[in-house]
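Counting from 1, the numbers follow the sequence of the chain as shown.
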Amino acid sequence: PDGAPNATGQPRSSLHFNIWYHLGLAYYLEGDFANASRAYDECMKVSTNDDSIVATSDWQWMTYMRRGDKAAAAKVLARITPKMDILENDSYHKRLLMYKGLEKPEALLDTTNADDLTIATQGYGVGNYYFVMGDTAKAKEIFDKDHPFLRHADLLRFEEITLLARAFIVNGVRKIRLTGGEPLLR
């Protein structure tokens, strides 16, 4: 388990979940959506609670949309409902509800009471949503925003690295190489 803190003090993921989830993320970030799909399909097999289901489903949906497989993406959303037992992955849950049309993108970008990780997670999700829906101008606008999460003193998280990578890609960069600790420090 990753030991992420939650209200119950109990981890909501397993080692197998974390391996498949992060392998899928690595493939996704490389643009290898076929292998990302396979990894997230395996991850879903070990997603045993609503938190792990929404985390996996969010990346599955984005991966299928990037592959142009709207039917598979729609199947991912079929299991997502507004009433789920979410302790850790509220941002992913809200993104999935947005993909279903039950949340407005603007609502996910409201930073009034959001912490830095939520801002980064929602910013990437909304930007990517516009990108896969074909509104590249709106996606670029979202990715180009001055995100306050950059002031945070912790290491960059996967969602933040993804947000930055997408901003570079939308602006024409075709190769990104993380070489060590320096890009991970703020």
Quiz item: Is the shortest heavy-atom distance from the side chain of V126 to the side chain of K138 under 4.5 Å?
Solution: no
Please name the pair of heavy atoms, one in [X] and one in [Y], separated by the smallest distance, quoted to 0.1 Å.
| X | Y | value |
| --- | --- | --- |
| A73 | M65 | CB-SD, 3.6 Å |
| T63 | A36 | CG2-CB, 3.8 Å |
| L108 | Q122 | O-CB, 3.2 Å |
| A139 | G127 | CB-O, 3.3 Å |
| M98 | G125 | CE-O, 3.9 Å |
| T48 | S52 | N-OG, 3.2 Å |

Do [X] side-chain atoms and [Y] backbone N/O form a donor-acceptor pair below 3.5 Å?
| X | Y | value |
| --- | --- | --- |
| H93 | T81 | yes |
| R95 | T121 | yes |
| K140 | V170 | no |

Kindly compute the distance separating [atom1] ([X]) from [atom2] ([Y]), expressed to the nearest 0.5 Å.
| X | Y | atom1 | atom2 | answer |
| --- | --- | --- | --- | --- |
| M84 | R79 | CE | CZ | 8.5 Å |
| E88 | D51 | CD | CG | 5.0 Å |
| L23 | N18 | CG | CG | 12.0 Å |

Quiz item: Is K94 salt-bridged to D90, going by a charged N under 4.0 Å from an acidic O?
Solution: yes
Quiz item: In this structure, which one of Y64, Y40, Y92 forms a side-chain hydrogen bond (donor to acceptor under 3.5 Å, both in side chains) with W59?
Solution: Y92
Quiz item: Excluding sequence neighbours, so at least two apart, what forms side-chain contact (heavy atoms from CB on, under 4.5 Å) with A34?
Solution: D32, R38, R67
Quiz item: When N89 is tested against each of D50, L96, T56, V54 for side-chain contact (heavy atoms from CB on, under 4.5 Å), which residue passes?
Solution: V54
Exercise. Go through the side-chain N and O atoms of Y129 and D135 and say whether any donor and acceptor fall under 3.5 Å apart.
Key: no
Quiz item: Below 6.0 angstrom between ring centroids: does that apply to F33 and Y27?
Solution: no
